[in-house]
Amino acid sequence: MRASLLSKLGTAYLLFLLAALAVAGFSSKMDLRRDALLVAFALVATGLALWLGLWKRFSRRVAELKQSARRLATADFRPTPADSSRDDLAELRDAMNAAAAGLEARTGALTQARDRWTAILRGMVEGIAVIGAGERVAFCNDTFSEIIGMSAARAEGRPILEVVRQPEVLDLIRRGLAGEEGLRGEMEVGGARRRVFGVTVSPVPGSPEETTGDAPIRPIGAVAVLHEITELRRLEQVRRDFVANVSHELKTPLTSIQGFAETLLGGALDDRVNSRRFAEIIRDHALRLSRITDDLLKLSRIEAGKLEPEFQTVPAKELIERAIEAARPRAEAKRLALRLADAPETLRLRGDPNLLREVLDNLLANAIQYTPEGGRIEVSAAEEQGCGAIAVTDTGIGIPEAEQERIFERFYRVDAARSRELGSTGLGLSIARHIVEAHGGRIEVKSEVGEGSRFSFSIPLDR
């Protein structure tokens with residue numbers, strides 16, 4: 001390695017001093033010896049002054065390098081100021097500046113990557129949480145916070161036991177922290193509006209350098225991902241209910257038809273009074289079967305996308321008046337007051353008049369069935385947010401809040417036994433919903449038990 005400037009000057013000075021002392025020692029004359037000693041002392045003083053100056057400069061440069069090293073340890077990558085020196089310390093300074101620049105570039109790239117992934121994770125529709133080895137939440141996105149009902153600022157840093165209260169999920173996370181992979185489960189949150197989430201937990205492997213010998217690499221944390229499957233579970237339940245309900249709905253009239261037909265064949269044909277009554281029962285159940293099959297075929301056509309509305313201008317008031325007149329005999333039979341509350345003459349809808357009439361007929365039939373004698377039913381129409389809204393309000397038995405979400409499903413009825421007794425197929429509201437949606441509208445219900453219900457549907461206006 002090349003000697004430093006300080007060592008070079010020191011060596012030259014010592015050689016010069018030794019030479020002066022040698023001259024002084026070997027001089028034969030006193031005056032020459034005295035002059036030589038004076039020169040030697042002058043050289044010593046000058047050399048000491050130069051040495052101290054150089055030492056001070058050397059110490060300052062070493063202190064600057066130490067300070068730069070301390071800054072690097074705290075991620076402060078400012079370079080050490082350059083000077084005109086070209087010795088070993090200058091090379092060390094240049095090497096440290098190059099290292100600081102490289103570390104700054106790599107740290108910036110890592111920071112950008114971290115910020116990019118954080119933004120991606122926070123924007124995902126799945127709930128994501130990272131749990132550290134100490135079972136504390138290191139990170140969670142907004143979706144996870146919304147699911148657990150706790151802000152990310154509050155959740156991060158807390159033990160997972162204080163954030164997630166479902167024992168099954170906690171067990172999955174702990175197994176993930178222990179290194180187990182392929183962990184899946186489910187969790188439910190909410191009360192009346194239940195939400196179901198699939199849970200996937202994976203361990204975050206540690207660094208191989210942190211292990212000793214042949215010991216397995218222990219995870220440094222775990223990642224929990226929550227994805228909502230509420231709609232999937234709802235559809236599965238609808239499918240199960242549909243199969244069970246169709247089987248039951250078809251089995252009941254078929255059993256009655258078969259039983260009364262066997263009774264007639266067994267000898268009841270000769271009984272004029274009972275044979276006629278049995279034949280009427282068979283006819284009624286056959287008609288019920290016909291209504292069920294007709295509604296099922298209609299619903300299958302709608303759900304298969306084969307419903308093609310013939311759009312034209314439909315005056316809302318005229319549509320309502322015709323539907324009320326058709327439903328009035330059934331309402332009067334139960335002593336129900338059925339009337340048109342309000343409908344502007346100028347309100348005109350854009351839709352298929354036959355299909356919209358079917359929607360209104362289903363809503364009126366539903367109101368008449370579930371309104372006790374002496375009640376009242378009102379139909380109204382108004383313009384709301386660029387659409388024509390038609391509402392059917394009754395003073396019937398009402399619908400529990402927990403049942404209102406499923407009231408438009410196929411065969412779903414709040415009181416199944418009573419609905420069958422009244423002859424309902426359980427498909428009318430489902431058909432009405434599909435027809436309204438095919439028109440680009442929406443249908444909804446507001447109800448309180450014992451107070452009555454208000455079914456309303458909106459259809460775009462004819463401009």
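In summary, the side chains of Arg240 and Gln237 do present a donor paired with an acceptor at a separation below 3.5 Å, with no hydrogens or angles considered.
We find that Glu325 and Arg328 are joined by a salt bridge, their nearest charged nitrogen and carboxylate oxygen being less than 4.0 Å apart. Ion pair Glu280/Arg277 not flagged as a salt bridge, since none of the NZ, NE, NH1 or NH2 atoms sits closer than 4.0 Å to an Asp/Glu carboxylate oxygen. Ion pairing between Asp284 and Arg288 fails under the 4.0 Å rule for side-chain N and carboxylate O.
The 12-atom threshold is exceeded at CD of Glu437, counting heavy atoms of other residues, nucleotides or ligands nearer than 6.0 Å. Annotation: Arg283, atom CZ; neighbour count of heavy atoms from other residues, nucleotides and ligands within 6.0 Å is above 12.
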Practice task
Could you give me the CA-CA distance, side-chain angles and deciding distance for Lys334 and Glu373, then say whether salt bridge (charged side-chain N to carboxylate O under 4.0 Å, His left out) is met?
Solution key: CA-CA 5 Å; Lys334 289 186 66 173; Glu373 290 188 2; over 6 Å; no
Practice task
Using the side chain to side chain contact (heavy atoms under 4.5 Å, CB included) rule, take Ile390 and Val359 through it: C-alpha gap first, then chi angles, then the decisive distance, then the call.
Solution key: CA-CA 10 Å; Ile390 298 178; Val359 173; over 6 Å; no
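For the atom pair Leu336 CG and Arg376 CZ, the distance stands at 11.5 Å (nearest 0.5 Å).
The closest donor-acceptor contact from the side chain of Thr395 to the backbone of Gly375 lies at 3.5 Å or more, if one exists at all.
In this structure, the side chains of His227 and Thr200 come closer than 4.5 Å at one or more pairs of heavy atoms.
Of the residues listed (Glu188, Glu146, Glu231), the one engaging Arg195 in a salt bridge (charged side-chain N to carboxylate O under 4.0 Å, His left out) is Glu146, and it is the only one.
By the 30° and 60° cut-offs, the orientation of the rings of Phe260 relative to Phe278 is tilted.
Taking all atoms of both residues into account, the shortest heavy-atom contact from Ala432 to Ile443 is CB-CD1, 4.3 Å.
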